[in-house]
Structures are given as structure tokens and as C-alpha cells.
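Have a look at the structure below before the remarks.
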Protein chains: 2
Amino acid sequence: MIMGVKERKERDKLEMRDKILKSAHKLFLEKGFDQISLRSIAEAIEYSPATIYLYFKDKNEIFHALHQQGFGMLNQAFQPLTLIANPFERLNEMGKAYIQFATTNPEVYDLLFIRTEPMQHVATCMDDHWTEGDRAFEVLVQTVKGCQQEGYFVGLDTQNMAMMIWSFIHGLCALGISKHISHVKEARDKQMVIDDIMNNTYRTFQAMLERLKN
Amino acid sequence: MIMGVKERKERDKLEMRDKILKSAHKLFLEKGFDQISLRSIAEAIEYSPATIYLYFKDKNEIFHALHQQGFGMLNQAFQPLTLIANPFERLNEMGKAYIQFATTNPEVYDLLFIRTEPMQHVATCMDDHWTEGDRAFEVLVQTVKGCQQEGYFVGLDTQNMAMMIWSFIHGLCALGISKHISHVKEARDKQMVIDDIMNNTYRTFQAMLERLKN
DNA sequence: CAAATTTAATAAACGGTGTTCAGTTTTATA
DNA sequence: TATAAAACTGAACACCGTTTATTAAATTTG
């Protein structure tokens with residue numbers, strides 16, 4: 001028995017998983033969520049479709065893996081914001097960063113917070129515990145708590161307040177991405193108009209929060 | 001040429017359309033959006049799949065028709081609220097009714113405001129004008145305007161304020177429906193916990209709006 | 001009424017999908 | 001080198017939305 005064989009095999013296994021995910025990610029960005037097929041992934045990595053099932057339980061597990069990768073991207077976008085000491089300012093910047101992320105990576109946002117397929121995998125395999133979501137939400141809760149210590153949102157429950165803020169931001173992003181913002185007077189550069197609406201709406205939200213001091 | 005033949009034929013055509021839509025709606029409620037297939041609709045109405053194409057351009061047109069029906073349901077749910085004279089109270093009740101609608105008809109809500117398929121049909125065939133959406137939003141705008149005349153949200157743009165409110169409510173409903181509310185401590189009756197979170201979050205939003213008088 | 005014409009319906013096919021499984025090929029061990 | 005184990009795949013299964021050529025029915029015309 002040669003030493004290190006098992007180790008190498010494990011490495012190969014991970015490499016293959018990575019190869020599959022990279023192809024899936026590429027197809028996902030190039031052609032969109034609906035256009036990812038196991039067959040197209042298989043073709044891209046030059047293996048038979050059946051091979052993929054040796055590395056992933058099913059398609060949803062692939063989506064879940066991409067979902068986790070997407071969360072990595074989101075966390076990275078939030079990383080610099082931890083440096084902002086003032087909690088209310090940090091909250092505002094978090095909102096901006098969130099919207100920025102959603103509008104520049106609509107497909108990824110869709111995968112993270114709108115599509116149900118990855119969450120289905122969470123529900124069936126991860127004992128229904130969405131670690132990434134919990135962690136991200138906790139960051140928001142802590143920031144809200146910080147704001148309250150500075151005199152914002154006093155008398156309002158921290159959890160509810162955080163949930164309220166997330167709901168608003170998510171709703172704004174979801175509507176912006178899913179083509180449901182239609183009350184757009186001009187039809188010149190649609191995307192730019194939608195971006196404007198999103199920014200204006202967020203500014204109004206900000207203005208509202210600012211009035212909630214004392 | 002016998003008179004009334006053309007009329008009867010037109011009636012038959014509409015009846016068939018209705019038959020198809022009724023079956024689609026039933027399948028939709030019973031098995032969910034993803035489980036509607038033209039073949040299953042065809043089987044339900046006891047016609048061949050190809051026949052459906054004599055009455056609908058493609059699957060998206062069926063979705064769009066269901067989408068319009070769903071809007072009818074939503075409007076009906078909002079009907080009684082027009083009687084409420086006080087605009088701020090009306091606004092609150094509108095929010096409640098909206099959430100109520102979304103939680104009791106999650107599939108329909110999904111179709112109306114989350115899924116992109118019906119909107120795709122709007123974009124390609126209806127000159128990109130989403131009449132139902134525009135009308136519904138205008139009702140919200142008028143209510144917000146009423147609130148402003150009573151001293152609420154002064155100095156904030158009416159359109160932006162309406163958009164802000166819709167974003168929040170939509171975000172809350174979207175998260176509640178799409179299984180993305182996971183920071184749930186107990187796992188006893190999950191749906192009830194989610195409903196509680198939604199209600200608490202909405203109450204917090206209400207409380208916030210109330211502080212925006214004068 | 002019979003023939004011609006329009007309309008309605010469909011069987012069959014096309015090219016796709018996710019997934020399974022019986023085999024084959026490759027690799028590692030004894 | 002024979003054997004056991006692991007990796008891989010071709011082919012099938014059961015679906016899907018959509019199109020087309022063909023048949024059956026209804027209608028109009030002579």
C-alpha cells in the first residue's frame with residue numbers, strides 16, 4: 001500500500017467538484033440561471049452527465065454550492081464596512097453596498113435571496129439551518145443595536161427593526177431585479193431609470209431613519 | 001351564410017380559453033407553479049397538448065392570463081378598504097391586507113410579484129406597459145398623498161415614499177414566502193413562527209411611520 | 001343534397017431536461 | 001499478474017415546450 005494515495009484521491013475529488021462548480025458558475029453568469037443544465041456543465045468539463053452525480057447528489061446541491069460561493073462574494077463586499085465606527089453611518093453604507101451588490105450581480109442576488117432551489121437543499125440536507133443567512137443577519141442586528149445605543153430607534157425591538165430594514169432593502173432589490181418596477185414614465189434607458197428609482201427610494205428610507213433619533 | 005355562426009364560434013373560443021385557464025389555475029393551486037405543464041393541462045381538459053397552441057401563443061401567455069386573474073383577486077381583497085376614510089388608517093389596513101393576501105395565497109403572490117415569466121410576456125407583447133401594476137401603485141400613491149395632507153411624511157417625496165412602503169411590504173412577503181427567513185429559534189410550527197415574524201416586523205414598520213407625523 | 005372550403009384537433013416528431021443503472025474502463029492492492 | 005475497488009459512461013426512462021403535416025369536422029357554396 002503506497003502512502004498518500006488516499007490523500008491524492010481526496011484532492012482529486014475536491015478538484016473535480018471545483019471544476020464542476022467553476023463551469024456551473026461560468027454558465028450561470030453567461031447564460032443565466034435557467035440555462036444551466038447538467039448536460040451543458042458536463043459538456044464544458046468534458047465528462048458525461050452521469051459523472052456529475054458522483055460528486056453531487058443532484059442539481060439542487062450544485063445550486064446550493066453556488067449559493068454558498070455567492071455568499072462569499074457578498075461577505076467580501078461587506079468586509080470594508082466593518083471599519084466604519086459610527087453605527088448609523090455603517091448601516092447606511094451597508095444598505096448602499098447591498099443594493100450595489102444586487103444591481104451589479106443580479107443573477108447572484110437572485111440565487112441568494114429569491115430562488116428557492118438552494119434553500120430546498122438547505123431544508124432537506126442541512127437540518128434546515130441556514131448558517132450563512134443567520135450570520136449575515138446577526139451582523140445587521142448588531143449594527144442596529146449600535147444605532148440604538150446612539151439614540152436611534154429607541155423603544156423599537158432590535159430584531160424587528162433589523163428585519164424591517166432587511167425587508168425593505170430586499171424588497172427594493174427584488175423588485176428592481178425582477179422587472180416589476182414598471183411605473184417608469186420614459187422608456188429611454190430602462191435600466192438607468194430603475195437604478196434611479198432604487199437610489200431615490202433608498203434615500204427616502206435613509207431620510208426616514210434619520211428622523212427616528214431621540 | 002347563417003347568421004350568428006361567427007358569434008357562436010367566438011363564444012366557443014372564449015370558453016375554451018377559459019377551460020384551459022381554469023385547469024391551469026387548478027393545477028397551479030394544487031401542485032404549484034413549477035408543476036404546471038402544458039401536457040398536464042391538456043390531460044385535464046382532455047385535449048391534445050397541441051390544441052392549447054390554438055388558443056394561446058405559448059406557456060408565458062397562459063401565465064400572464066393567470067397573472068391578470070391573480071390581480072383580480074388582489075383588487076377584490078383591497079375593495080373594502082376604499083371605505084376607510086382616514087388615509088393613514090387605510091394605509092395600515094392596506095399593508096395588513098397585502099400581507100394577508102400573500103400568506104394565504106403564496107403561489108398567487110409568487111406569480112404576481114416574484115416570478116418573471118408573466119412579466120416577460122408583458123415585455124414582449126404588451127408594449128412593456130404593466131397596466132395592472134401601474135393602477136395598483138397609483139392607489140398607494142394617492143393614499144400616501146392623503147397621509148401627507150394629514151401631516152405625515154412631510155417633506156418626503158410622495159412617489160418615493162410609496163415606493164419605499166411597497167418595497168418594504170413586498171420584501172417582507174417575498175422573504176416570508178420564499179423560505180429565506182431562517183433565523184427562527186424554535187422549529188416547532190415553522191409557518192406560525194414565520195407569520196409571527198412578519199406580523200411583528202410589520203408592526204414595527206407601522207410604529208415607525210406613526211413617528212413620522214408633523 | 002353534394003362538393004369544395006374553411007376550421008379544429010391531433011399524432012408524431014424535435015430537441016431539450018434531470019436522473020438512474022447496468023455495464024465498461026481505469027486504477028490500486030495483494 | 002490476478003483481483004478487488006473505484007471511476008466513468010452509454011443508454012435508457014420519463015418528462016418537458018413547441019412545431020408540423022395530416023386527418024376529421026363543420027361550414028359555406030354551387
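Fair warning: this is a prediction, and the values are worked out from it, not measured in the lab. Throughout, protein chains are lettered first and strands after them, A, B, ... in sequence-line order, and every chain is numbered starting at 1.
The separation between B:Tyr47 atom OH and D:dA24 atom P is 17 Å, rounded to whole Å. Distance, B:Phe56 CZ to C:dA9 C1': 17 Å, rounded to whole Å. Rounded to an integer number of Å, the gap from B:Arg11 CZ to D:dA26 C1' is 16 Å. Rounded to a whole Å, the CD atom of B:Glu43 is 14 Å from the C1' atom of D:dA14. Spacing between atom CD1 of A:Ile20 and atom C1' of C:dG18 amounts to 15 Å, rounded to whole angstrom units. Following rounding to the nearest Å, B:Ile45 (CD1) and C:dA8 (C1') show an atom-to-atom distance of 13 Å. For the pair B:Lys19 NZ and C:dA8 C1', the computed distance is 14 Å after rounding to whole Å. If you take CD of B:Glu10 and P of C:dT7, they are 12 Å apart, rounded to a whole angstrom.
Applying the 3.5 Å distance criterion, the base of C:dG16 shares no donor-acceptor pair with the side chain of A:Arg39.
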In sequence, state the C-alpha distance, the side-chain angles, and the governing distance for A:Asp12 and A:Arg17, and then conclude on salt bridge (Lys or Arg N to Asp or Glu O under 4.0 Å). CA-CA 9 Å; A:Asp12 286 357; A:Arg17 263 186 82 99; over 6 Å; no
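In this structure, the nucleotide among C:dT19, D:dT20, D:dT9 sitting nearest to the side chain of A:Leu38 is C:dT19. If you check C:dT10, C:dT19, D:dT9 against the side chain of A:Asp58, the one that comes closest is C:dT19. Minimum atom distance to the side chain of B:Lys59 is reached by D:dC16, of the listed D:dC16, C:dT10, D:dT9.
At least one donor-acceptor pair closer than 3.5 Å links the side chain of B:Ser40 to the backbone N or O of B:Ser37.
Nearer to the 5' terminus of DNA chain C, by closest-nucleotide assignment, is the contact made by A:Gln35 (compared with the other of A:Ala50 and A:Gln35). The 5' end of DNA chain D is approached more closely, in terms of each residue's nearest nucleotide, by A:Met16 than by the other of A:Met16 and B:Asn60.
B:Val108 places a side-chain heavy atom less than 4.5 Å from the side chain of B:Phe101.
How far CE of A:Met119 is from NZ of B:Lys179: 10.5 Å, rounded to the nearest 0.5 Å. Separation of atoms CD1 (A:Ile165) and CG (A:Leu91) is listed at 4.5 Å; rounding is to 0.5 Å.
Residue contacts shown for B:Tyr53 include a base, since a base heavy atom lies under 4.0 Å away. Within the 4.0 angstrom heavy-atom criterion, only backbone atoms of the sugar-phosphate kind lie near A:Tyr55; the bases stay farther away. Across all strands, B:Ile36 comes closer than 4.0 Å only to sugar-phosphate atoms, never to a base (heavy-atom distances).
Note on A:Thr51: a side-chain N or O is less than 4.0 Å away from OP1 or OP2 of D:dT9. OP1 or OP2 of D:dC16 sits under 4.0 Å from a side-chain N or O of B:Ser37.
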